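See below for the structure under consideration.
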Amino acid sequence: MDGVAYKNQEFDRLLHAWLGQFTGWLSPASYSLALLDWLAHLAMSPAKQVDIAEKAGDKALKLMQYFQNYCSHGGCKPCVKCRPEDKRFKSELWNEYPFNFYSQAFLLYERLWNEASKGIGGVSKHHKSVVNFSGRQFLDIFSPSNFPFTNPEVIAATSKEGGLNFVRGFENFIEDISHHINNLPPSGTEEYKVGVNLAITPGKVVYRNHLIELIQYTPVTSQVYAEPILIIPAWIMKYYILDLSVHNSLVKYLVDQGHTVFMISWKNPSSEERDLGLEDYINFGIMDAIKTINHIIPEKKIHTVGYCIGGTLLMIAAAAMAGKSDERLKSITLFAAQVDFKEAGELLLFTDESQVSYLEDIMWEKGYLDGAQMAGAFSMLRSIDLIWSRVISSYLLGKPNTLNDLMAWDYDTTRLPYKMHSEYLRSLFLNNDLVQGNFKVGHKKVALPDINIPIFAVSTLTDHVAPWKSVYKIHLFTKTDLTFVLTSGGHNAGIVSEPGHKHRNFQMMTYKHGEKHINSESWLEKAPHYKDSWWPEWEKWLGSHGSEEKINPPKFSHTICDAPGTYVFEK
């Protein structure tokens, strides 16, 4: 590239980085193309325009009939129901006039938008989804639950407290603004401190390089299973989601059952790590950890566990190892991890060529994607729960900002290096190289069917990051025994699902290599149901897929510092 072209490209990158501050880090070109595609096809479809108008009239008539029936008889059935995940109108107060009229009108209009935005022929599937999502985000602003005079719960609280809820709400608002201006996490997070009441399972850092610290946890039983466990968390989050508090730490649970547990704690990258790629995460992350464990516990195979993108990376590494006849792994467990990204949920809204190029330009200057940008995207995907419900609770009802350990962890964001994130978006999300057989490790393509060790895959019912039907597709790309679990909860809460957790349940069924494939809908009908946590069933599975041998707990070899190490504290 000549000097002039390079300078022009630099200018474009700086411009896009500057624009990103005002567009929510979303590409205006990507959205404009989607909207233009939708509007152009709508303009050329007069019959569809008439159909939309007829549906609008039909819904207006339904609303009038509902109003008439309510006035005549009272207590009539609603003409439209909320989506199961929408809890805005669950209170009985919304069944009273005029609030029932407000909520029904809003839900009918929401349904009309769904039908209008998705039902136009010729528009690409991606553009339909983008337009529909954007419209829903806009509609949610005007939900009657968001305004004090149209929300019966707010009116009742105001009447009962004489308006003190608004006083407290204003104080909460000022506090949140102050925290935001000063780049501080929300109020309440100060009650949770890593190494004090989070990530407190005893252990030692036994290895460190420029990318990871490897933690070996202290045994509490006189004998332990012969095969150790290596956990590979996602690096878009701090590792201690799997070692939260004493009552819900997966690490503590495994150690208490007699397992030797190792955990990778990823470095929070800065500009200096901008050129770290996915292969670096394999070599300096997974492979260095395996090498260290082999030194501490020689001649024993390893149970490996991968969470989210950590699970995807584990499958890539396992396929590469299998291709070289490297048999050091005993089993693979995946937590909410995908190998096929064709149906990767609403995250695909932010993953087209325009959006990825725009994001690359935003990352270029600093060399990383800031954690706040990633958190903002996830908040948009669940704006009702993560944005508007908080506005109502904190500012209109004046409730204190209370956080639990999982919520506090969620605000402890990490950065993503430029090269790795670009490769992740392009190779996996855009090109789906892994299941296409085009992903390379060490200049050699890897193949998932080469993996011949048993797999335990956990998915969660309401996962918006890794939808369970997308996770289920691992059945299509592997040729080994595979136990699949679908548990209640979301991407994080479904995994942090300790025994005794209220309202937890799951389905589980094992596919044996050579059996006929069943689709996800059939699996949902056939898989047995179980109450409580899936953790005990997984722990039994680990025991059944290892040797019966029990050994003395391995001693710590070279120790660097106490757990939770140093990388977890990097901001």
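Keep in mind the model is a prediction, meaning the values are calculated, not measured.
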Where the side chain of [X] meets the backbone of [Y], is there a donor-acceptor pair that is under 3.5 Å apart?
X: Asn431; Y: Asp433; result: no
X: Asn432; Y: Phe341; result: yes
X: Ser544; Y: Trp541; result: yes
X: Thr304; Y: Leu230; result: no
X: Gln507; Y: Val485; result: no
X: Asn283; Y: Glu279; result: yes
X: Ser129; Y: Lys125; result: yes
X: Ser522; Y: Ile518; result: no

For this session: Applying side-chain contact (heavy atoms from CB on, under 4.5 Å), run through Ile455 and Thr483 and close with a yes or a no.
Result: CA-CA 6 Å; Ile455 297 172; Thr483 299; over 6 Å; no
For this session: Dump the intermediate steps for salt bridge (Lys or Arg N to Asp or Glu O under 4.0 Å) on Arg136 and Asp140, then the final yes or no.
Result: CA-CA 6 Å; Arg136 284 192 286 114; Asp140 286 341; 5.7 Å; no
For this session: Please identify each residue that fulfils side chain to side chain donor-acceptor pair (under 3.5 Å) with Lys301, with sequence neighbours left out.
Result: none
Problem set entry | Residues which pass side chain to side chain donor-acceptor pair (under 3.5 Å) with Glu227, listed by chain and number, not counting sequence neighbours | Ser547
Indicate whether the side chain of [X] and that of [Y] have a donor and an acceptor atom separated by less than 3.5 Å.
X: Asp243; Y: Ser249; answer: yes
X: Asp410; Y: Asn492; answer: no
X: Glu498; Y: Ser533; answer: no
X: Thr480; Y: Asn452; answer: no
X: Ser357; Y: Arg426; answer: yes

Determine the interplanar angle of the [X] and [Y] rings, folded into 0 to 90°, and report it as parallel if under 30°, tilted if 30 to 60°, perpendicular if over 60°.
X: Phe429; Y: Tyr424; answer: perpendicular
X: His491; Y: Tyr307; answer: tilted
X: Trp535; Y: Tyr253; answer: tilted

Problem set entry | Side-chain ion pair, Asp326 and Arg328, N-O less than 4.0 Å | yes
Problem set entry | Carboxylate-amine/guanidinium contact Arg88 Glu110, below 4.0 Å | yes
Problem set entry | Within 45° cone and under 6.0 Å: Arg504 NZ/CZ vs Trp534 ring | no
Determine the minimum heavy-atom distance between [X] and [Y], stating which atoms define it.
X: Thr460; Y: Gly489; answer: CB-O, 3.4 Å
X: Ala322; Y: Asp450; answer: CB-O, 3.4 Å
X: Pro454; Y: His545; answer: CG-CD2, 3.4 Å
X: Leu314; Y: Gly306; answer: CD2-N, 3.6 Å
X: Asp340; Y: Val435; answer: OD1-CG2, 3.3 Å
X: Ala466; Y: Val471; answer: O-CG2, 3.6 Å

For this session: Measure the spacing between CZ of Arg208 and CG of Asp288 and express it to the nearest 0.5 Å.
Result: 14.0 Å
Exercise. Atom CH2 in Trp468, atom OH in Tyr472: separation rounded to 0.5 Å?
Worked result: 7.0 Å
Mind checking whether [X] and [Y] have side chains closer than 4.5 Å, heavy atoms only?
X: Trp266; Y: Leu211; value: yes
X: Met321; Y: Met287; value: yes
X: Glu525; Y: Glu521; value: no
X: Met263; Y: Leu242; value: yes
X: Val568; Y: Tyr240; value: yes
X: Phe477; Y: Met315; value: no
X: Val496; Y: Leu250; value: no
X: Ile241; Y: Leu406; value: yes

For this session: Apply the test side-chain contact (heavy atoms from CB on, under 4.5 Å) to residues Tyr281 and Ile286: give CA-CA distance (whole Å), side-chain angles for both, the deciding distance (0.1 Å), then the verdict.
Result: CA-CA 7 Å; Tyr281 275 76; Ile286 295 177; over 6 Å; no
For this session: Apply salt bridge (Lys or Arg N to Asp or Glu O under 4.0 Å) to the pair Glu213 and Lys267, showing each step before the final yes or no.
Result: CA-CA 8 Å; Glu213 288 181 332; Lys267 181 177 177 58; over 6 Å; no
Does atom [atom1] ([X]) have a neighbourhood of more than 12 heavy atoms from anything else shown, all under 6.0 Å?
X: His517; atom1: NE2; answer: yes
X: Tyr530; atom1: OH; answer: yes
X: Arg111; atom1: CZ; answer: no
X: Gln49; atom1: CD; answer: yes

Exercise. Out of Trp523, Tyr511, Phe506, which one pairs with Phe484 under the ring pair (Phe, Tyr, Trp, His ring centres under 6.0 Å) rule?
Worked result: Trp523
Mind listing the side-chain donor-acceptor pairs of residues 330-337 below 3.5 Å, one per line with the distance, residues two or more places apart or on another chain?
from, atom 1, to, atom 2, distance (Å)
Ser331, OG, His303, ND1, 2.7
Thr333, OG1, Trp538, NE1, 2.9

For this session: Mind running side-chain hydrogen bond (donor to acceptor under 3.5 Å, both in side chains) on His501 and Asp532 for me, showing each step along the way?
Result: CA-CA 7 Å; His501 195 296; Asp532 208 343; over 6 Å; no
For this session: Using the salt bridge (Lys or Arg N to Asp or Glu O under 4.0 Å) rule, take Asp370 and Arg415 through it: C-alpha gap first, then chi angles, then the decisive distance, then the call.
Result: CA-CA 5 Å; Asp370 192 82; Arg415 295 177 291 273; 5.3 Å; no
Exercise. Does the pair Ser134 and Tyr31 meet the rule for a side-chain contact (heavy atoms from CB on, under 4.5 Å), with working shown?
Worked result: CA-CA 9 Å; Ser134 303; Tyr31 178 74; 3.1 Å; yes
Exercise. So Tyr239 and Ile264, side-chain contact (heavy atoms from CB on, under 4.5 Å) or not? Walk me through it.
Worked result: CA-CA 7 Å; Tyr239 85 87; Ile264 288 177; over 6 Å; no
Exercise. So Lys366 and Glu273, salt bridge (Lys or Arg N to Asp or Glu O under 4.0 Å) or not? Walk me through it.
Worked result: CA-CA 10 Å; Lys366 292 183 178 179; Glu273 286 79 35; over 6 Å; no
Exercise. Name the one of Thr413, Asn268, Asp412 that satisfies side chain to side chain donor-acceptor pair (under 3.5 Å) with Lys571?
Worked result: Asp412
